[in-house]
Trainee: 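One structure, pasted below without further comment.
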Amino acid sequence: MTGGRTRAWDDDGFDDRVPFLARLEKEDRADLLAVGRPLRYRERAVIMHQDEPSTHVLLLLHGWTKVTAIAANGYEALLALRGPGDILGEGAALSGHHRSATVTALEPVEAVVIDQARFTAFLSGSPRVSLQLLGLATDRQRATDRRRLEWAALTVRERLAVLLLELVRTHGSRTDEGIELTLGLSQQEFAGSVGSSREAVARLLKELRAKQVVITRRRRIVVLRPDILRRIIGESSA
């Protein structure tokens, strides 16, 4: 605990959802954090830019970020949400390529920044940390492949229901109205996550709103009937 807040890496368990810092031994984690320096970012600040050269990696301590990428045709996709304990920018730092995505703070973020040269030098002297980083990359790729396979069998309506239920579980806060999603994502970002157009997602959210399944406002969604969302998914597997 730090200042009354539970950190992600204080929890046990190893799967594709477990962030990088949670995978490290306590001593390795402390040594790695000591290599860098603390930084803070304001809400909506762009932390990393797609296509820029790599100069550093970030270790997230508090706060959530979104990872997005823009294709050549202008289509923007939400690739991932990264939060406490996650590492950002490691792929470009190790490959020497430009960054493949943009990272934006969804709320105030506290992080540790490590210069690229210091990060690679640390990995060279720490096989255990290097293996855990490789394991993380493998788990992320496996999760991406699994999601791609599952997505192929679902309609956009079903994908949206899955996404909303995932956000209820990971970023839902119970209020008097219902379960409010604490991450302010736009309709375009929802569309990018489910592989559809903003117009299609807007129509689906309007349909769910009319059926009193959700309440939508600007960058705000409150889920009133998660059971209906589960029923939408269940219909596809029946």
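Note that the structure is a prediction, hence the values are computed from the model and not measured.
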Trainee: Check the pair Phe190 / Leu78 against side chain to side chain contact (heavy atoms under 4.5 Å, CB included), numbers first and verdict last.
Mentor: CA-CA 7 Å; Phe190 271 98; Leu78 175 66; over 6 Å; no

Trainee: Would you say CD of Glu199 has more than 12 non-hydrogen atoms from neighbouring residues, nucleotides or ligands within 6.0 angstrom?
Mentor: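 Counting neighbours around CD of Glu199, more than 12 heavy atoms of other residues, nucleotides or ligands fall under 6.0 Å, so yes.
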
Trainee: Contact between Arg40 and Glu110 at the side-chain level, heavy atoms closer than 4.5 Å - yes or no?
Mentor: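 Arg40 reaches Glu110 side chain to side chain.
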
Trainee: Are Glu207 and Arg157 close enough for a salt bridge, meaning some N to O gap below 4.0 Å?
Mentor: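 Looking at Arg157 together with Glu207, the answer is yes, because their closest N to O distance falls below 4.0 Å.
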
Trainee: Taking C-beta and beyond as the side chain, do Thr65 and Leu60 meet within less than 4.5 Å on heavy atoms?
Mentor: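 Touching, per the 4.5 Å side-chain cut-off.
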
Trainee: Does Leu39 belong to the same Ile/Leu/Val/Met/Phe/Trp/Tyr cluster as Val109, with side-chain heavy atoms less than 4.5 Å apart forming each link?
Mentor: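 Shared cluster, yes.
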
Trainee: Return yes if some donor-acceptor pair links the side-chain N/O of Ser126 with the main-chain N/O of Leu123 below 3.5 Å, else return no.
Mentor: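 Side chain of Ser126 to backbone of Leu123, a donor-acceptor pair under 3.5 Å: no, none is there.
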
Trainee: Side-chain contact, heavy-atom cut-off 4.5 Å: His56 with Ile114?
Mentor: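 They are not in contact (no side-chain heavy atoms under 4.5 Å apart), so the answer is no.
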
Trainee: To the nearest 0.5 Å, what is the distance between CG on Leu81 and OG1 on Thr68?
Mentor: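 Rounded to the nearest 0.5 Å, the CG-OG1 separation comes out at 10.5 Å.
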
Trainee: Should Thr55 and Arg99 be marked as a side chain to side chain contact (heavy atoms under 4.5 Å, CB included) after you check the CA-CA gap, both sets of side-chain angles, and the distance that decides it?
Mentor: CA-CA 10 Å; Thr55 58; Arg99 301 201 189 282; 4.3 Å; yes

Trainee: For a quick check under 3.5 Å, do Arg209 and Thr216 share a side-chain donor-acceptor pair by atom type?
Mentor: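 Judged by distance alone, the side chains do pair up.
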
Trainee: Taking side-chain contact (heavy atoms from CB on, under 4.5 Å) as the definition, give me every residue that meets it alongside Thr182, ordered by chain and number, with sequence neighbours left out.
Mentor: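 Thr182 satisfies side-chain contact (heavy atoms from CB on, under 4.5 Å) with His171, Ser173 once adjacent residues are dropped.
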
Trainee: Just by modelled atom types, is the Trp64 backbone N or O under 3.5 Å from a matching donor or acceptor in the Glu107 side chain?
Mentor: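 At least one qualifying donor-acceptor pair exists.
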
Trainee: Do Leu58 and Tyr41 touch side chain to side chain, with heavy atoms closer than 4.5 Å?
Mentor: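 Yes. Closest side-chain heavy atoms under 4.5 Å.
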
Trainee: Give me the atom names and distance for the closest heavy-atom approach of Leu181 to Val168.
Mentor: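 Of all heavy-atom pairs spanning Leu181 and Val168, the closest is CD2-N, 3.7 Å.
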
Trainee: If I take atom OG1 from residue Thr102 and atom CD from residue Glu52, how far apart are they, to the nearest 0.5 angstrom?
Mentor: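 Thr102 atom OG1 to Glu52 atom CD measures 8.0 Å (nearest 0.5 Å).
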
Trainee: Do Ser54 and His98 touch side chain to side chain, with heavy atoms closer than 4.5 Å?
Mentor: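 They are not in side-chain contact.
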
Trainee: Can you give me the closest heavy-atom contact between Arg140 and Asp86, atom names plus distance?
Mentor: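 Reported closest heavy-atom pair: NH2-OD1, 3.6 Å.
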
Trainee: What closest approach, in Å, do Gln187 and Ala202 show between heavy atoms, and which atom pair accounts for it?
Mentor: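 The answer is OE1-CB, 3.3 Å.
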
Trainee: Is Leu224 isolated, or which residues cluster with it under the ILVMFWY side-chain rule of less than 4.5 Å, directly or via members?
Mentor: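 Noted: Leu224 shares its cluster with Ile215, Val222.
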
Trainee: Determine the minimum heavy-atom distance between Val67 and Ala101, stating which atoms define it.
Mentor: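 Of all heavy-atom pairs spanning Val67 and Ala101, the closest is CG1-CB, 3.6 Å.
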
Trainee: Can Asp115 and Arg37 be counted as an ion pair, charged N to O under 4.0 angstrom?
Mentor: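 Arg37 and Asp115: salt-bridged.
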
Trainee: For Gln116 and Val57: C-alpha separation, side-chain torsions, deciding distance, then whether side chain to side chain contact (heavy atoms under 4.5 Å, CB included) applies.
Mentor: CA-CA 6 Å; Gln116 181 177 1; Val57 302; over 6 Å; no

Trainee: Quick check for you: to the nearest 0.5 Å, what is the distance between Ser196 atom OG and Arg203 atom CZ?
Mentor: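 Going from OG on Ser196 over to CZ on Arg203, the span is 7.5 Å.
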
Trainee: Any chance you could lay out the side chain to side chain contact (heavy atoms under 4.5 Å, CB included) test for Asp139 and Arg23, step after step, and finish with the verdict?
Mentor: CA-CA 12 Å; Asp139 286 345; Arg23 299 166 182 253; 2.9 Å; yes

Trainee: If you look at every heavy atom in Leu229 and Ala161, which pair is closest and at what distance?
Mentor: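 In terms of heavy atoms, the two residues are closest at O-CB, 3.8 Å.
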
Trainee: So Glu180 and Arg174, do their side chains get closer than 4.5 Å, heavy atoms only?
Mentor: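 Answer no - side chains too far apart.
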
Trainee: Quick check for you: to the nearest 0.5 Å, what is the distance between Leu79 atom CG and Ser100 atom OG?
Mentor: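 Interatomic distance, Leu79 CG to Ser100 OG, rounded to 0.5 Å: 7.5 Å.
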
Trainee: May I ask you to check if Arg147 and Trp151 form a cation-pi contact, with NZ or CZ under 6.0 angstrom from the six-membered ring centre and within 45° of the axis?
Mentor: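 Yes; both conditions hold, so Arg147 lies above the ring face of Trp151.
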
Trainee: Roughly how far, to the nearest 0.5 Å, is CG of Leu24 from CG of Leu131?
Mentor: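 Reported to 0.5 Å precision, the distance equals 11.0 Å.
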
Trainee: Does the distance from a Lys or Arg side-chain N to an Asp or Glu carboxylate O, for Asp145 and Arg148, drop under 4.0 Å?
Mentor: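 Between Arg148 and Asp145 there is a salt bridge, with a charged N closer than 4.0 Å to a carboxylate O.
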
Trainee: Count the heavy atoms belonging to other residues, nucleotides or ligands that lie under 6.0 Å from CZ of Arg44, then report whether that count exceeds 12.
Mentor: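 Check passes, neighbour count above 12.
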
Trainee: Less than 4.5 Å apart, side chain to side chain, heavy atoms only: is that true for Leu106 and Glu43?
Mentor: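 No, every pair of side-chain atoms sits at 4.5 Å or beyond.
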
Trainee: Looking only at non-hydrogen atoms, find the nearest pair between Phe119 and Ile87 and report the distance.
Mentor: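 Taking Phe119 first and Ile87 second, the nearest heavy atoms are CZ-CD1, 3.8 Å.
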
Trainee: Check for a donor-acceptor pair, side chain of Glu158 on one end and backbone N or O of Thr155 on the other, with a separation under 3.5 Å.
Mentor: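 Indeed, once roles are kept as given, a pair shorter than 3.5 Å links the two residues.
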
Trainee: Is any side-chain heavy atom of Leu204 closer than 4.5 Å to one of Val156?
Mentor: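 Yes, close enough: below the 4.5 Å cut-off.
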
Trainee: Distance from Leu32 atom CG to Leu21 atom CG, nearest 0.5 Å?
Mentor: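 The CG atom of Leu32 sits 7.0 Å away from the CG atom of Leu21.
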
Trainee: Tell me which one of Val194, Leu167, Ile232, Leu154 satisfies side chain to side chain contact (heavy atoms under 4.5 Å, CB included) with Val162.
Mentor: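 Checked Val194, Leu167, Ile232, Leu154 against Val162; only one passes side chain to side chain contact (heavy atoms under 4.5 Å, CB included): Leu154.
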
